[in-house]
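The structure appears right after this line, and notes come after that.
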Protein chains: 2
Amino acid sequence: MARPLTPLISIDAVVTAALELIDESGDFSLPKLAKRIGVSQSSIYNHVSGREEILELVRGRLLEESPLVVAADAGWEDVLREAIRVYRGSFARHPRTAPLMVMQTVRDPQAIALYERIAGALEAAGFEGADVASAIAMIDSFALGSALDLAAPGSVWEAAQGSSPALGRAVESAARLGSRADAAFEFGLEILIDGLRLRHERANHI
Amino acid sequence: MARPLTPLISIDAVVTAALELIDESGDFSLPKLAKRIGVSQSSIYNHVSGREEILELVRGRLLEESPLVVAADAGWEDVLREAIRVYRGSFARHPRTAPLMVMQTVRDPQAIALYERIAGALEAAGFEGADVASAIAMIDSFALGSALDLAAPGSVWEAAQGSSPALGRAVESAARLGSRADAAFEFGLEILIDGLRLRHERANHI
DNA sequence: ACCTGAACACCGTTCAAGT
DNA sequence: ACCTGAACACCGTTCAAGT
């Protein structure tokens, strides 16, 4: 077969197939992607520049599924809280995407817009230049880390044996808790917001 | 050549070569590792079970280089602060190892000991079961995320263009700051400790 | 016990050839 | 413009063969 009358591949189909493969196995490869779409491996390069672009398109797909909505008059804490929830939530529905995004430069416009929203909220709150950057870096670390926690449940905990009593007790409690990762995230989110508010109040001598 | 009188490979040499390759290129492969040691690819499997074990040995090497020292009577905040600094610092000297550790189960005894120390400090402070687990998960997220920030400087920031004014300003300030990642880490560390202390005080009605 | 070379089943990307 | 098949330069792991 050569060029068909109507294209066999759409970018949408590529992204869907990639996401399916990641959800199922934690990874995807061009050969498997091609097989799933029912097309040859090399033909994918007619629609997409390569593996990296496919991953960035997957990122976009994740964010499409969970838009950020906050009231126009919401305080900076609420904007932050919701933005972080959206960011982490977009990974939560497809946890195994998180590790693959780790070293990938963010280019997706919706992701950039989310960061811009956070930066804007911090500026409006009165945080200054470098502190805005630091706060975003911290938020980013936290959200990504929490997403990774979903993808690798018990990565650390698994190793806790008799020689680690305190760690062992923590594991046990967490297991009883059911959804450890979710609880850890909400716990961490409040800690983070509290910490930022405290610093904010100090800086403004409230 | 067959079996030599004195072994051509030591585990130490494997770890050293792997770490060198990671520092130089951000990754390592068995073929390159073998070439660097001056040995055949397959012979490495006589000393090590495979790629995963090599990575875990690298983790151990990193922690050996930065032991945790805290005064015996140190408060839980100080233990936490120092443990997090050690964890993150062990990656800071070899930033490009961080992404490779992301999805790897922690088995190195020194790493486990570090987690145990943190769990013990949180317990002693009066945090309860599930909260200890949540706090550790958060600390873990934060430390790993900060380490990743070192490996991928400007991963997000790069994309900030005219359409993202607040993000742009944050980037600019951070650039002027010089070592953005270090500043972000110390900023985040204080936020985190403050947040935990606040929750701790509330729980204990201080 | 420790090394070698060959083999196996995978990768991502390129490119000439087809229509 | 869009697809194919072959080719290239890589992977990690296994295994029979050597001493």
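Chain naming here is simple, since letters A, B, ... match the order of the sequence lines and numbering starts at 1 in each. Here the structure is a predicted model, which means the values were calculated and not measured.
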Query - Counter-base of C:dC10, judged by Watson-Crick or G-U geometry with both distances under 3.5 Å - result: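 Base-paired to nothing in any strand shown.
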Query - Base partner of C:dG5, which must satisfy Watson-Crick or wobble distances under 3.5 Å - result: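 C:dG5 is paired with D:dC15.
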Which one, [options], comes nearest to the side chain of [X]?
| X | options | answer |
| --- | --- | --- |
| A:R51 | C:dA6, C:dG12, C:dC15 | C:dG12 |
| B:L30 | D:dG12, D:dC3, C:dC2 | D:dG12 |
| A:P31 | C:dC15, C:dG12, D:dC2 | C:dG12 |
| A:N46 | C:dG5, D:dT4, C:dC3 | D:dT4 |
| B:I9 | C:dC3, C:dT13, D:dC3 | C:dC3 |
| A:S43 | D:dC2, D:dT4, D:dG12 | D:dT4 |
| B:H47 | D:dC3, C:dC2, C:dT4 | C:dC2 |
| A:S29 | D:dT4, D:dG12, C:dG12 | C:dG12 |

Kindly indicate whether the side chain of [X], heavy atoms from C-beta on, has any atom under 4.5 Å from the side chain of [Y].
| X | Y | value |
| --- | --- | --- |
| A:R59 | A:T97 | no |
| B:F91 | B:L150 | no |
| A:Y115 | A:D140 | yes |

Query raised in the report: Once you round to the nearest 0.5 Å, how far does CD of B:E65 lie from CG of B:L19?
Result: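 The distance works out to 7.0 Å.
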Please give, in whole Å, the distance from [N] [atom2] to [X] [atom1]?
| X | N | atom1 | atom2 | value |
| --- | --- | --- | --- | --- |
| A:L33 | C:dG12 | CG | C1' | 12 Å |
| B:Y45 | C:dC8 | OH | P | 17 Å |
| A:Q41 | D:dG5 | CD | P | 12 Å |
| B:I54 | D:dC11 | CD1 | P | 13 Å |
| A:I44 | C:dC11 | CD1 | P | 12 Å |
| B:L100 | D:dC11 | CG | C1' | 15 Å |
| A:I37 | D:dT4 | CD1 | P | 11 Å |
| A:K35 | C:dC10 | NZ | C1' | 11 Å |

Query raised in the report: Does A:K32 put a side-chain nitrogen or oxygen below 4.0 Å from OP1 or OP2 of C:dC11?
Result: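 The answer is yes; a side-chain N or O of A:K32 sits under 4.0 Å from OP1 or OP2.
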Query raised in the report: Under 3.5 Å, side chain of A:E56 to main-chain N/O of A:R107, donor-acceptor pair present?
Result: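 Answer holds: yes.
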